[in-house]
Amino acid sequence: MKELVQQFKGKKILQAEGNAKIDPSDFVNKKIVDFKSWGKHFLICLPKATIRIHFLMFGSYSINEQTKPARSLRLHLKFTNGDLYFYTCSIKILEGDLDEIYDWSADVMNEKWSATKAIKKLKAIPGTLACDALLNQDIFSGVGNIIKNEVLFRIKLHPESSIGKIPTAVIKAMVKEARKYSFDFLKWKKAFELKKHWLAHTKKMCARCNIPLIKTYPGKTKRRTFFCTDCQIKYD
DNA sequence: TGCCATGTTAAACT
DNA sequence: GAGTTTAACATGGC
């Protein structure tokens, strides 16, 4: 999405409407300074404020639709060269310096991503389970439940392993794979072949052992988790 | 056709 | 006050 909206960078917002809780009329006549993202946050930077979009579970967007979309419109921004539409998303206005609001080094897809800082943050929460740690947006901003399951499977780590008991080499592998898989995820999503590459998520059988995978809702996050009791090692 | 889920926040609880 | 649970959002996929 960030790539597709670049056509509106530097453009002035001619019209703004929608059922967002914030007043969209504030955006009219403001210029888009930049588009940024931090994990699952999409940021529309205006001169003195930032529009923060989060798509939650079912959010969507469209660009330059010819006919007015039938779906309930959360926000529509009109530009001289096209239109940007948002549906079913959370919209919030951020005031102040984004560098103070966001830790860019926590975003797994950001160029400022720091594996070293991620490892330090993990060391500070030894009692946390691996399945919860991977979903912690302050450590792995951008990682969601699918990526969690796939990363754990790929590094052969049991989701209920305690962070403090996991060997350093495996922690390093987790941090490295979280970033790598996120880039693969984007690549496969663009090719509409995301599911084709799932090895654990929603799977019935282990791709390595060919034995049934376990499906549970572990940890504090209680999110759907698929894992193999044979090849994913539990450290506790 | 009904149920479930790629996520987060805030209110309502304990 | 801290921690936990529930509701809300609202739609596509299976």
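Fair warning: this is a prediction, and the values are worked out from it, not measured in the lab. Each chain gets a letter, A, B and so on, in the order its sequence line appears, and its residues count up from 1.
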Decide if the gap between the ring center of [X] and the ring center of [Y] is smaller than 6.0 angstrom.
X: A:Phe227; Y: A:His158; result: yes
X: A:Trp188; Y: A:Tyr181; result: yes
X: A:Phe86; Y: A:Tyr61; result: no

List the protein contact pattern of nucleotides 8-14 of chain B with one symbol per nucleotide (5' to 3'): B for base contact, S for sugar-phosphate-only contact, - for none; contact means a heavy-atom distance under 4.0 Å. S------
Indicate for each nucleotide in nucleotides 2-7 of chain C, in 5' to 3' sequence, whether protein heavy atoms under 4.0 Å reach the base (B), only the sugar-phosphate (S), or nothing (-). ---S--
Between A:Asp236 and A:Lys165, does at least one N-O distance fall below 4.0 Å, as a salt bridge requires?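 No.
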Using a strict 4.0 Å threshold on nitrogen-to-oxygen distance, state whether A:Asp99 and A:Lys112 make a salt bridge.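 Here A:Asp99 does not pair with A:Lys112 in a salt bridge, since their nearest N and O are not under 4.0 Å apart.
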Find the distance [X]:[atom1] to [N]:[atom2] and express it as a whole number of Å.
X: A:Lys148; N: B:dT6; atom1: NZ; atom2: P; value: 8 Å
X: A:Leu75; N: C:dA10; atom1: CG; atom2: P; value: 14 Å
X: A:Phe58; N: B:dC3; atom1: CZ; atom2: P; value: 15 Å
X: A:Ile146; N: B:dT6; atom1: CD1; atom2: C1'; value: 4 Å
X: A:Phe226; N: B:dT6; atom1: CZ; atom2: C1'; value: 12 Å
X: A:Ile53; N: B:dT6; atom1: CD1; atom2: P; value: 23 Å
X: A:Leu194; N: C:dC14; atom1: CG; atom2: P; value: 12 Å
X: A:Ile91; N: C:dA8; atom1: CD1; atom2: P; value: 21 Å

Nearest-nucleotide pick for [X], side chain only, options being [options]:
X: A:Met57; options: C:dC14, B:dT6, C:dT11; result: B:dT6
X: A:His201; options: B:dA5, C:dA10, B:dT6; result: B:dT6
X: A:Lys195; options: B:dA5, C:dT11, C:dG13; result: C:dG13

Please report the distance separating the C1' of B:dT6 from the corresponding atom of C:dT5, rounded so that it comes out in whole Å. 22 Å
Work out how far the P atom of B:dT1 is from that of C:dA10, and round it to whole angstrom. 23 Å
Taking atom [atom1] of [X] and atom [atom2] of [Y], what is their separation to the nearest 0.5 Å?
X: A:Ser37; Y: A:Lys2; atom1: OG; atom2: NZ; result: 3.0 Å
X: A:Asp184; Y: A:Arg179; atom1: CG; atom2: CZ; result: 12.0 Å
X: A:Arg52; Y: A:Ile44; atom1: CZ; atom2: CD1; result: 12.0 Å
X: A:Ile155; Y: A:Leu134; atom1: CD1; atom2: CG; result: 7.0 Å

Atom CD of residue position A:Glu3 - does it have more than 12 heavy atoms of other residues, nucleotides or ligands inside 6.0 Å?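 Count not over threshold, so no.
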Give a yes or no on this: more than 12 heavy atoms of other residues, nucleotides or ligands lie within 6.0 Å of atom NZ of A:Lys187.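 Yes - once you tally the heavy atoms of other residues, nucleotides and ligands closer than 6.0 Å, there are more than 12.
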Under the 3.5 Å Watson-Crick or G-U criterion, the dot-bracket string of DNA chain B, with | for inter-strand pairs: .||||.||||||||
Find out whether A:Leu135 and A:Phe140 are in side-chain contact, i.e. whether some heavy atom of one side chain is under 4.5 Å from a heavy atom of the other. no
Respond yes when some side-chain nitrogen or oxygen of A:Arg224 is under 4.0 Å from OP1 or OP2 of B:dT6, and no when none is.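 Yes.
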